[in-house]
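Notes follow the structure.
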Amino acid sequence: MENKIFTNIISINSDEEAIKSLLKNVQYILKWDKEIVDVVEIDTNEFMILRNQQAFNHQETIKVSSSNDKIVYVSTEGRIQYRIVWEIEQINENRTKLSQNLYLENGFYEEVIEIIKPVVKNAFAENLYNLKKLCEMGVSI
């Protein structure tokens, strides 16, 4: 069983296809998540992520899947196993709503989750803002 921890939502001045491309190409995470120092492709849609020493998950494996309006990152092999569901909704021609939903896999006590939740939500929101800036710069893939 998993626990939904939070949802962050941001509006981006970009079309949904550009955002989907950026999220699907995990190599670009180096440009919007400052804790990540390296990304190594292991297999199709599977990547080893290396983070700086201060990160809770120093090393993890991310598997990426996608459907029409969702992209999913599943993290395994780190201290915390989690899933991020990115929901993408085109508002108009050049504006998109991006929702970032974090789920933790079983193994954490509710008390621990409540303690770390504000810090983790804030860190993820900062990365989401960095992703917004990257999208709005018009980075081509």
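For reference, positions follow the sequence shown, starting with 1.
Looking at heavy atoms from C-beta onward, Lys31 lies in side-chain contact with Tyr28 at the 4.5 angstrom threshold. Side-chain contact check for Glu60 versus Glu77: every heavy-atom pair is 4.5 Å or farther apart. Contact annotation: the side chain of Leu102 approaches that of Tyr82 to within less than 4.5 Å [non-hydrogen atoms, C-beta and beyond].
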Worked verdict on Arg51 versus Asp33 for salt bridge (Lys or Arg N to Asp or Glu O under 4.0 Å)
CA-CA 9 Å; Arg51 298 177 185 268; Asp33 187 332; 3.3 Å; yes
Applying ring-ring contact (aromatic ring centres under 6.0 Å, His included) to Tyr73 and Trp86, what does each step give before you reach the verdict?
CA-CA 8 Å; Tyr73 291 1; Trp86 303 93; 5.8 Å; yes
So Asn68 and Ile88, side-chain contact (heavy atoms from CB on, under 4.5 Å) or not? Walk me through it.
CA-CA 9 Å; Asn68 291 339; Ile88 303 155; over 6 Å; no
Between Phe47 and Thr61, is a side-chain contact (heavy atoms from CB on, under 4.5 Å) present by the stated rule, with each step listed?
CA-CA 6 Å; Phe47 304 86; Thr61 299; over 6 Å; no
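In this structure a side-chain-to-backbone donor-acceptor pair under 3.5 Å is present from Asp15 to Glu17. At least one donor-acceptor pair under 3.5 Å links the side chain of Glu136 to the backbone N or O of Asn13. Asn92 places a side-chain N or O within 3.5 Å of a backbone atom of Arg95 that can act as its donor or acceptor partner.
We find the NE2-CG distance between His58 and Leu50 to be 6.0 Å, quoted to the nearest 0.5 Å.
Put simply, Ile71 and Leu134 are part of the same group of oily side chains (I, L, V, M, F, W, Y) that touch within less than 4.5 Å, one to the next.
In this structure, a donor-acceptor pair under 3.5 Å is absent between the side chains of Thr96 and Glu16. Donor-acceptor pairing under 3.5 Å is recorded for the side chains of Asn101 and Glu87.
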